[in-house]
Number of protein chains: 2
Amino acid sequence: MQEIELTHLECSDCPIRHRAVCARCDTQELDQLEEMKYYRTFEAGQTIAWTGDKLDFVATMVSGIATLSQTLEDGRTQMVGLLLPSDFMGRPGREMASYDVTATTDVVMCCFRRRPFEDLMRNTPHIAQRLLEMTLDELDAAREWMLLLGRKTAREKIASLLAIIARRNASINLGRAGGRMEFDLPLTREAMADYLGLTLETVSRQVSALKREGVIELAGKRHVSVPDFDRLMLETGDDTDGGIPV
Amino acid sequence: MQEIELTHLECSDCPIRHRAVCARCDTQELDQLEEMKYYRTFEAGQTIAWTGDKLDFVATMVSGIATLSQTLEDGRTQMVGLLLPSDFMGRPGREMASYDVTATTDVVMCCFRRRPFEDLMRNTPHIAQRLLEMTLDELDAAREWMLLLGRKTAREKIASLLAIIARRNASINLGRAGGRMEFDLPLTREAMADYLGLTLETVSRQVSALKREGVIELAGKRHVSVPDFDRLMLETGDDTDGGIPV
DNA sequence: AGGGAACCTTGATCTCAATCAAGGATGGCG
DNA sequence: CGCCATCCTTGATTGAGATCAAGGTTCCCT
């Protein structure tokens with residue numbers, strides 16, 4: 001995840017410091033983006049789009065958590081993406097949503113209508129290049145995730161998910177520490193299960209096991225404290241310091 | 001997978017008719033690409049790059065099959081990408097390979113040295129836009145694959161893989177038929193297992209089962225004939241006509 | 001405070017795929 | 001032709017996680 005220097009505004013009032021679409025653009029382009037942007041909010045649990053719906057905007061996550069998921073005929077579902085603040089959503093050049101998009105907490109998005117955004121993209125090479133970088137990052141994350149889904153044990157999956165959220169939180173809040181980390185789990189046990197290709201019972205059992213062994217501490221069901229991040233990383237099965245760039 | 005009209009050359013002697021990087025470029029850009037391109041061949045089984053290796057080119061697959069894979073500390077491996085003719089490999093803006101890349105058959109690639117390619121990309125917006133499209137397609141494929149890895153049964157996984165290869169072959173050879181389809185499996189049972197997050201024994205058993213039940217026919221171990229593609233699709237668990245755009 | 005819904009935990013049992021094990025087919029090469 | 005290596009198949013057994021089931025917690029609403 002590389003640092004982007006912002007040459008100008010920071011997308012004005014969006015609290016976005018990196019991975020923002022508008023980074024690198026010159027004033028004029030930023031003005032155009034400013035002009036076409038608008039905010040939308042969604043409540044926790046609300047569906048932002050169903051697969052196949054017409055989706056006439058692209059957007060950057062400002063706050064909250066949303067998920068992308070896919071479903072088989074008989075209802076089995078798999079989460080295929082996690083949208084955290086500063087992530088980009090939507091696909092220039094495609095009319096329909098390819099996934100179910102759901103807000104798991106209250107969500108604010110900074111949206112751009114798709115057509116004008118596409119036009120702007122055609123005229124300003126920076127944007128396509130920036131989107132390409134971001135999409136390649138997402139692809140890397142998806143592929144790490146495939147390794148998780150295909151080859152990790154339940155315990156490793158849980159540890160990996162906790163490590164991802166901890167690291168992602170830390171990089172926003174503190175800069176990563178090797179030591180203690182705390183965060184709120186933004187997902188229900190069921191959502192975690194859908195993320196990891198498990199059942200919610202297995203998630204619950206493995207979380208309990210990690211707690212019992214002191215790898216994590218829980219305050220309530222959702223607030224997690226990791227006394228030693230390196231200890232947690234040992235449980236992920238990853239090469240030391242691999243890490244998923246979500 | 002949309003059709004690209006080629007306005008000019010077809011990357012001269014590369015047998016690439018769609019998804020080629022050089023499609024849509026004007027003559028001058030094509031000339032520049034022509035100038036910097038070169039071919040490389042790899043033998044079946046040869047490793048093209050190890051994770052972390054310096055990789056100073058990007059490339060388009062001309063012929064053959066290659067795989068991208070990732071490995072955990074203890075050796076468990078998961079294939080995360082399959083490179084078929086016309087697929088793009090490599091990442092502008094990144095020095096190191098992020099995956100192990102292996103030729104599973106003899107492979108010919110049309111390569112471009114990374115630096116000049118990046119320069120060209122900066123100057124010709126078409127290319128970044130085209131790469132963005134291709135990367136978004138890859139991301140879709142990766143996400144379908146995640147659904148497969150996380151939620152499908154062994155039998156569904158095998159059926160899905162066969163369907164992907166059959167469809168992909170058909171779109172190159174014949175245009176897709178609803179009826180009979182034939183192709184050579186470009187992967188060993190072990191490679192299929194690494195693709196699907198299974199063991200090679202399970203792959204073998206499920207292939208045998210599909211054969212026993214007449215869903216597929218085998219001539220030798222590698223030549224597959226699908227008497228009724230729709231019947232095969234029923235076994236994938238997918239929504240009718242979903243389909244993975246590899 | 002009481003009722004109910006959503007969410008979570010834990011136990012018992014079952015099942016699908018992994019693992020362990022043996023042997024068969026294929027093909028290259030002396 | 002026979003040897004060897006690689007790849008594949010099949011059988012027996014095990015085990016991790018799914019499924020089925022019951023009850024606990026938390027928190028909102030009246």
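From a predicted model like this one, the values you see are computed outputs, not experimental measurements. Just so we're on the same page: letters track the sequence lines, and every chain starts at 1.
- Between the CD1 atom of A/I158 and the C1' atom of C/dT9 there is a distance of 14 Å, given to the nearest Å.
- Using a 4.0 Å heavy-atom cutoff across all strands shown, A/T188 reaches sugar-phosphate atoms only and no base atom.
- Under the side-chain hydrogen bond (donor to acceptor under 3.5 Å, both in side chains) criterion, A/T202 pairs with A/T199, not counting sequence neighbours.
- To the nearest angstrom, P of C/dC16 lies 18 Å from CG of B/L196.
- A distance of 6.0 Å separates CD1 of B/I158 from CG of B/L198, quoted to the nearest 0.5 Å.
- For B/T199, counting side-chain heavy atoms from C-beta on, the closest listed nucleotide (C/dA18, D/dG17, C/dC8) is C/dA18.
- A straight line from CZ of A/R212 to P of C/dC8 spans 18 Å, rounded to a whole angstrom.
- Per the geometry, CG belonging to A/L149 stands 20 Å off P belonging to D/dA16, to the nearest Å.
- No contact: A/R76 has no heavy atom under 4.0 Å from any strand.
- Taking the six-membered ring for Trp and the full ring otherwise, B/W50 and B/Y99 have centroids separated by 6.0 Å or more.
- Summarising the geometry, the separation between NZ on B/K221 and P on C/dG24 is reported as 13 Å, rounded to the nearest angstrom.
- Contact annotation for A/G45: no contact, since no heavy-atom pair falls under 4.0 Å across all strands.
- Here the straight-line distance linking atom NZ of A/K211 with atom CG of A/L218 works out to 5.0 Å at 0.5 Å rounding.
- Contact check of residues 200-211 of chain A against DNA chain D (heavy atom, cut-off under 4.0 Å) returns A/E201, A/T202, A/R205.
- The CZ-C1' distance, from A/R151 to C/dA17, rounds to 12 Å in whole Å.
- Side-chain atoms of A/R180 and A/S225 include a donor-acceptor pair closer than 3.5 Å.
- At whole-Å resolution of the value, CZ in A/R222 and P in C/dT9 are 10 Å apart.
- Remark: the A/T51 side chain and the A/D100 side chain contain an N/O donor-acceptor pair separated by less than 3.5 Å.
- No hydrogens or angles considered: a donor-acceptor pair under 3.5 Å links the side chains of A/S98 and A/R94.
- In this entry the distance linking CE of B/M192 with P of D/dC7 reads 15 Å, nearest Å.
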